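Data block below; observations after.
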Amino acid sequence: MHVCDARRLCPELIIVPCQYDKYFEISKKLYQIIIEYSNIIEAVSADEAYIEISEGGWDSVKSVIESLREKIFIKTGLVILKDSQFINK
């Protein structure tokens with residue numbers, strides 16, 4: 001949602017300035033972690049990517065997802081909510 005639309009819908013909205021240096025620092029860490037899990041990566045933005053982890057069957061995929069979530073949380077504090085591009089989009 002664009003900020004103008006958000007302000008129109010919520011006039012009491014408080015907008016906190018973005019800390020771009022911190023944002024891109026964490027983004028760099030995120031992509032360094034992702035590269036450990038796959039060499040097939042679709043970078044969508046500084047904080048969103050899709051990775052190919054389908055080799056090894058569904059149990060292997062679930063294991064990779066959990067490992068990736070845990071490592072990302074430990075190294076960046078970020079929480080990953082979606083498991084696949086299909087679910088995400």
Side-chain angles (χ1 to χ4, degrees):
M1 177 181 298
H2 194 273
V3 174
C4 294
D5 295 330
R7 282 188 196 231
R8 184 175 39 78
L9 293 170
C10 183
E12 64 276 4
L13 178 68
I14 298 171
I15 298 175
V16 178
C18 182
Q19 297 176 345
Y20 288 104
D21 54 337
K22 184 74 170 168
Y23 181 75
F24 287 109
E25 174 190 329
I26 292 175
S27 174
K28 185 176 178 180
K29 288 180 185 178
L30 176 68
Y31 278 92
Q32 288 171 343
I33 295 166
I34 290 171
I35 288 169
E36 295 176 21
Y37 288 83
S38 179
N39 61 354
I40 302 173
I41 301 167
E42 180 184 341
V44 179
S45 67
D47 62 358
E48 183 178 1
Y50 302 113
I51 64 173
E52 177 61 48
I53 55 170
S54 62
E55 290 183 21
W58 181 241
D59 287 336
S60 175
V61 169
K62 289 192 300 186
S63 175
V64 169
I65 290 169
E66 288 308 312
S67 174
L68 185 58
R69 279 186 173 143
E70 182 178 346
K71 192 170 221 176
I72 288 171
F73 180 72
I74 289 168
K75 298 223 178 207
T76 68
L78 297 176
V79 177
I80 308 303
L81 300 177
K82 302 292 182 184
D83 292 344
S84 74
Q85 184 173 7
F86 177 74
I87 293 171
N88 198 34
K89 296 296 178 187

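No experiment lies behind these values; they were computed from the predicted model shown.
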Please examine the side chains of [Y] and [X], heavy atoms only from C-beta on, and report whether any two atoms are closer than 4.5 Å.
X: Q32; Y: K75; result: no
X: S60; Y: K62; result: no
X: I51; Y: L68; result: yes

(message) Can you classify the ring geometry of F24 versus Y20 as parallel (below 30°), tilted (30 to 60°) or perpendicular (above 60°)?
(response) parallel
(request) Can you see which heavy atom on A49 is nearest to which on I34, and at what distance? (result) CB-CD1, 4.1 Å
(request) Please indicate whether E36 has more than 12 foreign heavy atoms, meaning atoms of other residues, nucleotides or ligands, lying under 6.0 Å from its CD. (result) yes
(request) Decide if atom CD of E70 counts as having more than 12 heavy atoms of other residues, nucleotides or ligands within a radius under 6.0 Å. (result) no
(request) Please determine if E66 and R69 form a salt bridge, counting it only when a charged side-chain N lies under 4.0 Å from a carboxylate O. (result) yes
Drop me the distance from [X]'s [atom1] to [Y]'s [atom2], to the nearest 0.5 angstrom.
X: I14; Y: R7; atom1: CD1; atom2: CZ; result: 10.5 Å
X: L30; Y: Y23; atom1: CG; atom2: OH; result: 9.5 Å
X: I35; Y: I41; atom1: CD1; atom2: CD1; result: 5.0 Å

(request) Mark yes or no for whether S67, through its side chain, and S63, through its backbone, hold a donor-acceptor pair below 3.5 Å. (result) no
(request) Report whether Y31 and L78 are members of the same hydrophobic cluster (ILVMFWY, side-chain heavy atoms less than 4.5 Å apart, transitive linking). (result) yes
(message) Between S27 and E25, does the side chain to side chain contact (heavy atoms under 4.5 Å, CB included) criterion hold? Intermediate values first, please.
(response) CA-CA 5 Å; S27 174; E25 174 190 329; over 6 Å; no
